[in-house]
Amino acid sequence: MCATYKKLCFTAALFIALFVSCENTVINYNRLNNLSVDDTSKNKVRVNFNTIIEQNFTRAGYENIGKNKYINVYAYDTDNNLVTIVNYISTDEGTLSPLTEAMYLPPGTYNFFAVGTNDFLRKIPSFTNGICSDIDYTVDYIWSDTCNVTLKDLVNNYNLKFDHSVTQVALEIVISEEIDLVTFEEMLLTPSSRDTITWNLFNGDMGPSHSVNDTLFQPLTSQLNDTTFYGTFTMPALHLKESSTLKASFKIIMIIDENQYSRAYQTELPIMNDSLKVGYSYHYSLLIRADTILFNSVNIDNWIPVVDNVPIAPDID
């Protein structure tokens, strides 16, 4: 029932809790003697959580989850019975605070499964028998597990290491110098299909999808400078059985020879090795000229964070 992380070893100097595989989890406990269990939680111990999220291309390989993100933690006993669910919000970077009551459990051994949305104040969909089928686009779904945890202290503190359960497409659109841009009107993309896709509480898997949606959807967008625009789209991972492409369209209003025009552009984006893998961010670079749109490159790079539904695009030299 417990999934095994791909990267689970960290030094004790970096973390309170040392993560290894679920089959051989080692936890260091932090005793806080100044805290006491209230009367409603008699004979139980408190469990607190801090959070990090894995990054593929940062030097440390992880970073704290930002403020105002929702996280739900499910506690199961060793007989695979659900004991409790506690809803949290990150009131500070990397720190979870319960929305109502904190987690109190009888001393014993537990498996913790945590799910979240790495977006500003975006509520988490519900799970039925460990399965969620209510999957939205442009939501950064994240997941973590901590298995075979034996509660010993009055207050027990653990780090939850989250992974992305989705893939990300990032579009960098540069407007050619020959265009006198008035406004960037529209950016659209065909994502992976989400039909029949579910999210598994116990291993974090979502999909993958095996086809591209025929419908164009609007990414989250931001403007980096006068001529550069960004769009990001998170969606279920994609693994094609037959080669295909993503389709993108753009609409801008420009001035050419003192005349104003509204012009639409369409292009197809190649899919690397017929896959868009979970946890990876695929950065497409395109150049819009007056009479055409040029595809320049696609690279796997750092995940583009989103704050208040606005992508925080990297600086460009």
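Everything numeric in this text was worked out from a predicted model, so none of it was measured. The residues of the chain are indexed from 1 along the displayed sequence.
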Visitor: Determine whether the aromatic ring centres of residues Phe127 and Trp199 are separated by less than 6.0 angstrom.
Guide: yes
Visitor: Between the main-chain N or O of Ser297 and the side-chain N or O of Ser285, is there a donor-acceptor pair closer than 3.5 Å?
Guide: no
Visitor: Passes side chain to side chain contact (heavy atoms under 4.5 Å, CB included), Tyr158 versus Val149? Steps please.
Guide: CA-CA 10 Å; Tyr158 302 104; Val149 173; 3.1 Å; yes
Visitor: Report yes or no: do Thr150 and Thr109 form a side-chain donor-acceptor pair below 3.5 Å?
Guide: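 A pair is found: one side chain offers a donor N or O, the other an acceptor, under 3.5 Å apart.
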Visitor: Report the C-alpha separation of Leu246 and Leu189 in whole Å, then their side-chain angles, then the decisive distance to 0.1 Å, and conclude whether the side chain to side chain contact (heavy atoms under 4.5 Å, CB included) test is met.
Guide: CA-CA 7 Å; Leu246 303 179; Leu189 176 74; 4.2 Å; yes
Visitor: Would you call the rings of Phe295 and Tyr284 parallel, tilted or perpendicular if under 30° counts as parallel and over 60° as perpendicular?
Guide: tilted
Visitor: Can you find a heavy atom in the side chain of Ile89 that is under 4.5 Å from one in the side chain of Ile71?
Guide: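 SC-SC contact between Ile89 and Ile71 ruled out.
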Visitor: Are the side chain of Ser165 and the backbone of Gly204 linked by a donor-acceptor contact shorter than 3.5 Å?
Guide: yes
Visitor: Hey, what do you get for CG (Leu201) to CD1 (Ile131), rounding to the nearest 0.5 Å?
Guide: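 Between Leu201 CG and Ile131 CD1, I get 8.0 Å after rounding to 0.5 Å.
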Visitor: Side chains of Leu181 and Ile252: closer than 4.5 Å at any heavy-atom pair?
Guide: yes
Visitor: With rounding to the nearest 0.5 Å, note down the distance linking OG in Ser192 to CG in Leu238.
Guide: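 That separation rounds to 5.5 Å.
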Visitor: Taking all non-hydrogen atoms of both residues into account, name the closest pair between Val278 and His164 and its distance.
Guide: CG2-O, 3.3 Å
Visitor: Against Leu287, only a single residue in Ile293, Ile175, Leu294 fulfils side-chain contact (heavy atoms from CB on, under 4.5 Å); can you say which?
Guide: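 Filter result, single survivor: Leu294.
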Visitor: Looking at every non-hydrogen atom in both residues, tell me the closest pair between Tyr110 and Asp77 and how far apart they are.
Guide: CD2-CA, 4.1 Å
Visitor: Please confirm whether Lys123 makes a cation-pi placement over Tyr70, using NZ or CZ under 6.0 Å from the six-membered ring centre and within 45° of the ring normal.
Guide: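 Relative to the ring axis of Tyr70, which defines the angle, Lys123 lies inside both limits.
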Visitor: Is it the case that the side chain of Thr138 and the backbone of Thr234 share a donor-acceptor pair, with hydrogens and angles ignored and the cut-off at 3.5 Å?
Guide: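 Not at all, since once roles are kept as given, no pair shorter than 3.5 Å links the two residues.
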Visitor: Is the backbone N or O of Thr228 less than 3.5 Å from a side-chain atom of Asn225, with the two atoms forming a donor-acceptor pair by type?
Guide: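 Between the backbone of Thr228 and the side chain of Asn225 there is a qualifying donor-acceptor contact (under 3.5 Å).
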Visitor: Within the distance-only criterion (no hydrogens, no angle test), does the side chain of Ser209 pair as donor or acceptor with the backbone N or O of Ser211 below 3.5 angstrom?
Guide: yes
Visitor: Under 3.5 Å, is there a donor-acceptor pair between the side chain of Tyr141 and the main chain of Met206?
Guide: no
Visitor: Between Asp274 and His239, do the side chains contain a donor N or O and an acceptor N or O under 3.5 Å apart?
Guide: no
Visitor: Taking the side chain from Asn299 and the backbone from Asp301, do they hold a donor-acceptor pair closer than 3.5 Å?
Guide: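 No.
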Visitor: Would you confirm whether the ring centroid of Phe229 sits within less than 6.0 angstrom of the ring centroid of Phe184?
Guide: yes
Visitor: When clusters are formed by joining ILVMFWY residues with side-chain heavy atoms under 4.5 Å apart, either directly or through shared neighbours, do Met187 and Val212 land in the same one?
Guide: yes
Visitor: Please check if any side-chain donor atom of Thr91 sits under 3.5 Å from a side-chain acceptor atom of Ser97, or the reverse.
Guide: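 Judged by distance alone, the side chains do pair up.
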Visitor: Which atom pair, heavy atoms only, marks the closest approach of Lys69 to Thr117?
Guide: CB-O, 3.9 Å
Visitor: Does the side chain of Gln218 come within less than 4.5 Å of Phe233's, by heavy atoms?
Guide: no
Visitor: Is there a chain of hydrophobic side chains (I, L, V, M, F, W, Y, each step under 4.5 Å between heavy atoms) that links Trp143 to Leu82?
Guide: yes
Visitor: Passes side chain to side chain contact (heavy atoms under 4.5 Å, CB included), Ile179 versus Met254? Steps please.
Guide: CA-CA 7 Å; Ile179 295 177; Met254 66 180 78; 3.6 Å; yes
Visitor: Counting only heavy atoms not in Glu242, do more than 12 fall under 6.0 Å of its CD?
Guide: no
Visitor: Around atom CG of Asp226, are there more than 12 heavy atoms from other residues, nucleotides or ligands closer than 6.0 Å?
Guide: no
Visitor: Please report the shortest heavy-atom distance between Ile304 and Pro311, naming the atom on each side.
Guide: CG2-CB, 4.0 Å
Visitor: Ring centres under 6.0 Å, that's the criterion: do Tyr76 and Phe112 meet it?
Guide: no
Visitor: Determine whether Leu276 and Val169 make a side-chain contact, defined as any pair of heavy atoms from C-beta on separated by less than 4.5 Å.
Guide: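 Result yes, sub-4.5 Å side-chain heavy-atom pair found.
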Visitor: If you look at every heavy atom in Ile271 and Ser244, which pair is closest and at what distance?
Guide: CD1-O, 3.7 Å
Visitor: Within a reach of under 6.0 Å around CG of Asp214, are more than 12 heavy atoms found that belong to other residues, nucleotides or ligands?
Guide: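 12 or below, so no.
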Visitor: Should the pair Phe217 and Tyr137 be assigned to parallel (<30°), tilted (30 to 60°) or perpendicular (>60°) ring geometry?
Guide: perpendicular
Visitor: If we ignore hydrogens and angles and just use 3.5 Å, is the side chain of Thr167 paired with the main-chain N or O of Pro236 as donor and acceptor?
Guide: no
Visitor: Determine whether Ile135 and Met235 make a side-chain contact, defined as any pair of heavy atoms from C-beta on separated by less than 4.5 Å.
Guide: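 They are not in contact (no side-chain heavy atoms under 4.5 Å apart), so the answer is no.
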Visitor: Quick check: do Thr183 and Lys251 have side-chain heavy atoms less than 4.5 Å from each other?
Guide: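 No, side chains not in contact.
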Visitor: More than 12 non-hydrogen atoms from neighbouring residues, nucleotides or ligands closer than 6.0 Å to CD on Glu101, yes or no?
Guide: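 No, CD of Glu101 has 12 or fewer neighbouring heavy atoms, counting only those of other groups under 6.0 Å.
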Visitor: Is there a side chain to side chain contact (heavy atoms under 4.5 Å, CB included) between Val73 and Thr84 once you walk through the steps?
Guide: CA-CA 8 Å; Val73 180; Thr84 188; over 6 Å; no
Visitor: Less than 3.5 Å apart, any donor N or O on the side chain of Ser281 or His283 sitting next to an acceptor on the other?
Guide: yes
Visitor: Would a single hydrophobic cluster contain both Leu220 and Val310, if residues Ile, Leu, Val, Met, Phe, Trp and Tyr are joined by side-chain heavy-atom contacts under 4.5 Å?
Guide: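 Result: no, two separate clusters.
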Visitor: With a 3.5 Å distance limit and no angle check, can you tell me whether Arg46 reaches the backbone of Met103 through a side-chain donor-acceptor pair?
Guide: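 Looks like no, no N/O pair under 3.5 Å.
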Visitor: For a 4.5 angstrom cut-off between non-hydrogen side-chain atoms, does Ile142 reach Val166?
Guide: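 A side-chain contact is absent here, since even the closest heavy-atom pair is not under 4.5 Å.
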Visitor: To the nearest 0.5 angstrom, please state how far the CH2 atom of Trp303 sits from the CG atom of Asn118.
Guide: 8.5 Å
Visitor: Answer yes or no: is there a side-chain heavy-atom contact under 4.5 Å between Asp153 and Val45?
Guide: no
Visitor: Closer than 3.5 angstrom, by distance alone: can the side chain of Tyr265 be matched with the main-chain N or O of Arg289 as a donor-acceptor pair?
Guide: yes
Visitor: Search all heavy atoms of Pro270 against all heavy atoms of Thr245 and return the closest pair with its distance.
Guide: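 Closest heavy-atom pair between Pro270 and Thr245: CA-CG2, 4.4 Å.
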Visitor: Asn87 and Asn72: side-chain donor and acceptor closer than 3.5 Å?
Guide: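 Side chains of Asn87 and Asn72: pair found under 3.5 Å.
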Visitor: Find the distance between CG (Asn203) and CG (Asp205) and round it off to the nearest 0.5 Å.
Guide: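 CG of Asp205 is found 3.5 Å from CG of Asn203.
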Visitor: Measure the spacing between CG of Asn157 and CG of Asn50 and express it to the nearest 0.5 Å.
Guide: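 The distance works out to 7.0 Å.
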Visitor: What's the separation between atom CG in Asn273 and atom OG in Ser243, rounded to the nearest 0.5 Å?
Guide: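 Output value for this atom pair is 9.5 Å.
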Visitor: Take atom CD in Glu178; do more than 12 heavy atoms of anything else shown fall under 6.0 Å from it?
Guide: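 It does: Glu178 CD has more than 12 such atoms within range.
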